[in-house]
Amino acid sequence: MAQQATAQIGVTGLAVMGRNLARNLARNGFTVAVHNRSPERTRSLVAEHGDEGTFVPSESLADFVASLERPRAVIVMVKAGAPTDAVIDELVPLLEEGDIVVDAGNAHFADTRRREEALREHGLHFVGTGVSGGEEGALRGPSIMPGGSAESYAKLGPIFEKIAAQVDGIPCCRHIGPDGAGHFVKMVHNGIEYADMQLIAEAYDLLRAGLSASPAEIAEIFREWNTGELESFLIEITADVLAHTDAATGRAFVDVVLDQAEQKGTGRWTVQSALDLGIPITGIAEATFARSLSGHAGQREAARRAFGDAGEKWQAEDRETFVEDVRRALLSSKIVAYAQGFDHIRAGSREYDWDIDLGGTATIWRGGCIIRARFLDRIREAYDAQPELPTLLVAPYFADAVSDGVPSWRRVVVDAARAGVPTPAFSSSLAYFDGLRAERLPAALIQGLRDNFGAHTYHRVDRPGSFHTLWAGDRAEVQG
Ligand code: 6PG
């Protein structure tokens, strides 16, 4: 029996994220076509949640497509990579000019650019869309970062803006820019998420070492922090996780979890792209490498045997001062991570001609997503006031926070190094800050060395042009 075209939007791929997104759409009054390769998932969605709104289930992709009003909008919610390509290949012959295919998974932006170009040749819109917020967010209101054409946003915008998280009446969704812009921004979001989590983990480790405090006591400190400038989803759930007790052993949950952090790869993509663009996102890179280090169990075991596991025994002199030092160091390092992430977005936007609005991006990260935080409002204000801000670090609010935090930041990094507590993200963020503010950098010596061994030339501080010194000859300087 031919399907009637009644659905305003469709979701194919009904694993947890797809299922919750479909439910969110239905709960917001949209008629949602649903499809999954194995029909059991479609049936169970309708059986369990059919009363939440209007679902139009189909067991074949052809029926699913036929159930959609034109221009059709199909959200593909399958695994990134080959499975996404396979679904797109199946969909394309069923679609007609002007129809829209949305990839709402965590695809690499280069794949999105390739797919967008390929579908454009068929007269179709391909919209790579970042969606953040995990399972709960997908159901109750995620942060949505759609790329693709302005034309596709005319259809998708009203739908996505309705199902997104809302902060102060503003939806956490906006059109990011053409082709891969949405997935690029989502990638950087995840990179910042990696840095944020690494910094939180280092703060926890420092508090544990310096105060000999239990995870439950440290949970209280995070709870307290969550009432101030650091207020954020990740700080909130840190308190939750640290306060949790393992039912099987009665021990702190965090002590029974294997200390090897995994990743699906978006942090790695962020670092790879930043290397290509020449943007020093050191906080995100350290966070990504820290996860890798944690996973090298054999090397860790060998090093532990060879060197023992720590430096001096550490007892912070004054509890209150130490906790405040760690809080300020965390805030300053976090500002560095966000500053670097936004630099990265700006560089990507320039490279690919996306014209991404940085203040607008901060706006849609205020709710729904994993890195939602109070200070995203300050980031939005900073970029709205000065779109060409050289770095977020110099915007008044952040400059004040960092200036206030510097003495604490240094104390914490020094004490940690002395005690042998690894703080790769805290210390590299401080080094980045010191690098940016330095009057002179030893980069001058590197230029000299490059010229010495490879005649790579250098510029001078006192006159224009490039120069080379005849190192193996009479050391005269010549034009390079
Ligand atoms: C989000 C998250 C999500 C991601 C996880 C896992 O914004 O909702 O970023 O997209 O899947 O955070 O990432 P890793 O496995 O790489 O830690």
Side-chain angles (χ1 to χ4, degrees), residues 5-13 17-18 20-35 53-54 56 64-65 67-78 84 87-88 91-92 95-107 109 112-113 115-116 119-120 122-133 137-139 141-166 170-186 189 354-357 360-361 363-365 367-369:
T6 55
Q8 291 152 291
I9 190 154
V11 180
T12 178
M17 287 296 283
N20 282 359
L21 212 51
R23 288 175 60 197
N24 186 354
L25 287 159
R27 286 168 164 205
N28 276 287
F30 299 105
T31 302
V32 192
V34 284
H35 169 265
T54 312
V56 185
F64 167 72
V65 169
S67 73
L68 287 156
E69 285 174 3
R70 297 208 54 209
R72 303 180 182 93
V74 178
I75 301 178
V76 177
M77 215 44 188
V78 299
T84 301
V87 172
I88 294 170
L91 266 175
V92 167
L95 298 175
E96 290 166 276
E97 203 170 326
D99 287 350
I100 303 164
V101 178
V102 181
D103 174 5
N106 271 335
F109 73 93
T112 303
R113 283 165 64 77
R115 290 173 182 141
E116 194 275 337
L119 264 66
R120 200 169 350 117
H122 293 274
L124 301 173
H125 299 277
F126 184 76
V127 180
T129 298
V131 177
S132 178
L139 182 61
S143 170
I144 310 181
M145 298 150 248
S149 63
E151 213 178 323
S152 64
Y153 196 77
K155 157 110 188 182
L156 296 173
I159 303 177
F160 285 176
E161 288 178 18
K162 189 146 185 220
I163 67 160
Q166 314 282 322
I170 298 170
C172 293
C173 170
R174 64 182 281 136
H175 184 221
I176 302 288
D179 60 80
H183 274 145
F184 186 91
V185 163
K186 175 66 195 336
H189 165 284
W354 285 328
D355 200 19
I356 298 175
D357 182 321
T361 302
T363 306
I364 64 165
W365 285 352
C369 66

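- Between the side chain of Gln8 and the main chain of Thr31, a donor-acceptor pair closer than 3.5 Å is present.
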(request) Just do the side-chain contact (heavy atoms from CB on, under 4.5 Å) check on Val185 and Trp354 with the steps written out, would you? (result) CA-CA 11 Å; Val185 163; Trp354 285 328; over 6 Å; no

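- Asn24 contributes no side-chain N or O that, together with a main-chain N or O of Asn20, makes up a donor-acceptor pair within less than 3.5 Å.
- Residues Ile9 and Phe160 meet the side-chain proximity criterion, which asks for heavy atoms closer than 4.5 Å.
- Using a distance-only test at 3.5 Å, with no hydrogens or angles considered, no donor-acceptor pair links the side chain of Lys155 to the main chain of Ala73.
- Taking 4.5 Å as the limit, some side-chain heavy atom of Glu161 sits within range of a side-chain heavy atom of Tyr153.
- What you find for Val34 and Ala22 is that their closest heavy atoms are CG1-CB, 3.8 Å.
- The shortest distance between side-chain heavy atoms of Ser132 and Met145 falls below 4.5 Å.
- When every heavy atom of Asp103 is checked against every heavy atom of Ala107, the shortest pair comes out as OD2-CB, 3.4 Å.
- Counting all heavy atoms, side chain and backbone alike, Ala154 lies closest to Pro158 at O-CD, 3.4 Å.
- With values rounded to the nearest 0.5 angstrom, Leu139 atom CG is found 10.5 Å from Met17 atom CE.
- Applying the 6.0 Å contact sphere to CD of Glu151 captures no more than 12 heavy atoms from other residues, nucleotides or ligands.
- Remark: the backbone N or O of Gly105 is paired with a side-chain donor or acceptor of His183 at under 3.5 angstrom.
- Rounding to the nearest 0.5 Å gives a distance of 12.5 Å between CZ of Arg23 and CG of Asn28.
- Summarising the geometry of Ile163 relative to Phe30, their closest heavy-atom pair is CG2-CE1, 4.2 Å, with the distance given to 0.1 Å.
- Each of Val131, Thr129, Val11 was compared with Val102 under the side chain to side chain contact (heavy atoms under 4.5 Å, CB included) criterion, and only Thr129 meets it.
- Within the model, atoms OG of Ser149 and CD of Glu116 stand 7.0 Å from one another, a figure rounded to the nearest 0.5 Å.
- Residues Phe109 and Asp179 fail the side-chain proximity criterion, which asks for heavy atoms closer than 4.5 Å.
- Of the inter-residue distances, the one linking Leu124 atom CG with Ser152 atom OG reads 11.5 Å to the nearest 0.5 angstrom.
- Scanning all heavy atoms of the two residues, the minimum distance from Leu68 to Ala33 falls at CD2-CB, 4.0 Å.
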(request) Evaluate the criterion side-chain contact (heavy atoms from CB on, under 4.5 Å) for residue pair Asp99 and Arg70; output intermediate values, then yes/no. (result) CA-CA 7 Å; Asp99 287 350; Arg70 297 208 54 209; 3.5 Å; yes

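- Checking side-chain atoms of His175 against main-chain N and O of Gly148 turns up a donor-acceptor pair under 3.5 Å.
- Considering only heavy atoms from C-beta on, Thr363 stays 4.5 Å or farther from Arg174 through its side chain.
- Between the side chain of Glu96 and the backbone N or O of Pro71, no donor-acceptor pair lies under 3.5 Å.
- Remark: Leu21 CG to Met77 CE distance equals 5.5 Å, nearest 0.5 Å.
- In plain terms, the two heavy atoms of Val65 and Leu91 that are nearest each other are CG2-CD2, 3.7 Å.
- Between Ile176 and Ile364 there is a side-chain heavy-atom pair separated by less than 4.5 Å.
- Residues His125 and Leu119 have side chains not in contact (no heavy-atom distance under 4.5 Å, counting atoms from C-beta outward).
- In this structure, the side chain of Arg72 does not engage the main chain of Ala7 through any donor-acceptor pair within 3.5 Å.
- Distance NZ/Lys186 to CH2/Trp365: 10.0 Å, rounded to 0.5 Å.
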(message) Is there a side-chain contact (heavy atoms from CB on, under 4.5 Å) between Val74 and Thr12? Walk through the geometry before answering.
(response) CA-CA 7 Å; Val74 178; Thr12 178; 4.1 Å; yes

